[in-house]
Amino acid sequence: MSNAVSEVLLLMGPPGAGKGTQAQRLAEGRGLTKLSTGDLLRDHVRRGTQLGTEAKVLMDQGVLVPDEIIMGMVKSELDKQDPVRVLLDGFPRTTGQADALEELLGEYGAQVDQAIELVVDEDELVRRLVSRAAQEGRSDDNEETIRTRMKVYRDQTAPLLEYYGAKGKLSSIDGVGTLDEVTERLQDALSAEAQ
Ligand code: AMP
């Protein structure tokens with residue numbers, strides 16, 4: 001074991017809230033590894049692994065990949081870390097994943113330190129996702145899938161806000177503004193918590 005302390009942050013928010021970009025910035029600023037389950041899955045799809053082939057069907061529909069698959073991927077990433085210093089992006093997405101994460105982190109002597117929610121209203125989200133579809137050509141950024149992903153977020157992931165809120169670990173910040181403005185709000189939320 002090294003002497004450095006573990007740190008686990010979660011960035012939460014609906015599809016299109018800007019989690020990926022902000023997660024990258026925040027992770028770099030704090031010396032954390034960004035761990036995005038969406039990126040890990042897209043990497044499997046690109047490499048044509050069996051997991052990727054199975055996941056692609058679900059991702060293209062905008063529905064969630066089963067918890068067991070996600071937890072297996074996360075575990076193998078956390079196994080590479082000592083101590084665990086991660087910023088989790090797009091994970092956990094269900095209460096099952098959140099419970100499994102807590103148990104897994106316990107094995108590494110770590111815990112979720114703070115969850116931050118990026119708040120963006122739904123009209124703005126759809127506008128951003130449609131424009132991302134035009135720029136990046138992600139196969140799950142079409143209008144029908146976007147609508148499904150919003151619903152999946154509301155039904156399956158939004159309950160996690162209460163889950164972390166009840167533990168006193170949630171901060172919600174306004175996700176509308178320039179990239180720098182939002183990064184600054186995130187940093188303020190983190191330093192406020194540390195005091
Ligand atoms: P994202 O890039 O985080 O928006 O994820 C894209 C897609 O990958 C989602 O719509 C899901 O199909 C799948 N996915 C990513 N992360 C998870 C997760 N933690 N649990 C279940 N499915 C996930």
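Residue numbers start at 1 and run along the sequence shown. In each ligand, atom 1 is the first atom listed, and ligand 1 is the first ligand listed.
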Need the list: ligand 1 N/O atoms against protein N/O atoms, distance under 3.5 Å, rounded to one decimal.
{"unit_1": "ligand 1", "atom_1": "2 (O)", "unit_2": "Arg42", "atom_2": "NH1", "d": "2.9"}
{"unit_1": "ligand 1", "atom_1": "2 (O)", "unit_2": "Arg42", "atom_2": "NH2", "d": "2.9"}
{"unit_1": "ligand 1", "atom_1": "3 (O)", "unit_2": "Arg93", "atom_2": "NH1", "d": "3.0"}
{"unit_1": "ligand 1", "atom_1": "3 (O)", "unit_2": "Arg93", "atom_2": "NH2", "d": "3.1"}
{"unit_1": "ligand 1", "atom_1": "4 (O)", "unit_2": "Arg93", "atom_2": "NH2", "d": "3.2"}
{"unit_1": "ligand 1", "atom_1": "5 (O)", "unit_2": "Arg93", "atom_2": "NH2", "d": "3.4"}
{"unit_1": "ligand 1", "atom_1": "12 (O)", "unit_2": "Val63", "atom_2": "O", "d": "2.6"}
{"unit_1": "ligand 1", "atom_1": "16 (N)", "unit_2": "Thr37", "atom_2": "OG1", "d": "2.8"}
{"unit_1": "ligand 1", "atom_1": "16 (N)", "unit_2": "Arg93", "atom_2": "NH1", "d": "3.0"}
{"unit_1": "ligand 1", "atom_1": "19 (N)", "unit_2": "Thr37", "atom_2": "OG1", "d": "3.3"}
{"unit_1": "ligand 1", "atom_1": "19 (N)", "unit_2": "Gly90", "atom_2": "O", "d": "3.1"}
{"unit_1": "ligand 1", "atom_1": "19 (N)", "unit_2": "Gln97", "atom_2": "OE1", "d": "3.1"}
{"unit_1": "ligand 1", "atom_1": "20 (N)", "unit_2": "Gln97", "atom_2": "NE2", "d": "2.9"}
{"unit_1": "ligand 1", "atom_1": "22 (N)", "unit_2": "Val65", "atom_2": "N", "d": "3.1"}

Among all residues two or more places apart in sequence or in another chain, which pass the side chain to side chain contact (heavy atoms under 4.5 Å, CB included) test with Thr148?
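So Thr148 forms a side chain to side chain contact (heavy atoms under 4.5 Å, CB included) with Val63, Val152.
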Residues that Lys56 engages under side chain to side chain contact (heavy atoms under 4.5 Å, CB included), provided they are two or more places apart
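Applying side chain to side chain contact (heavy atoms under 4.5 Å, CB included) to Lys56 gives Val45, Asp60, Ser139.
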Tell me, with the steps shown, if Arg185 and Asp180 meet salt bridge (charged side-chain N to carboxylate O under 4.0 Å, His left out).
CA-CA 9 Å; Arg185 285 177 209 143; Asp180 287 344; over 6 Å; no
State which residue, out of Val119, Leu88, Leu161, fulfils the side-chain contact (heavy atoms from CB on, under 4.5 Å) condition with Met12.
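Of all the options given, the one that passes is Leu161.
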Common cluster, Leu118/Leu129, ILVMFWY with side-chain heavy-atom separation under 4.5 Å:
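Shared cluster, no.
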Restricting to pairs with a member in residues 157-167, which pass side-chain hydrogen bond (donor to acceptor under 3.5 Å, both in side chains), not counting sequence neighbours?
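The answer is Asp99-Tyr163, Glu102-Tyr163, Glu102-Lys167.
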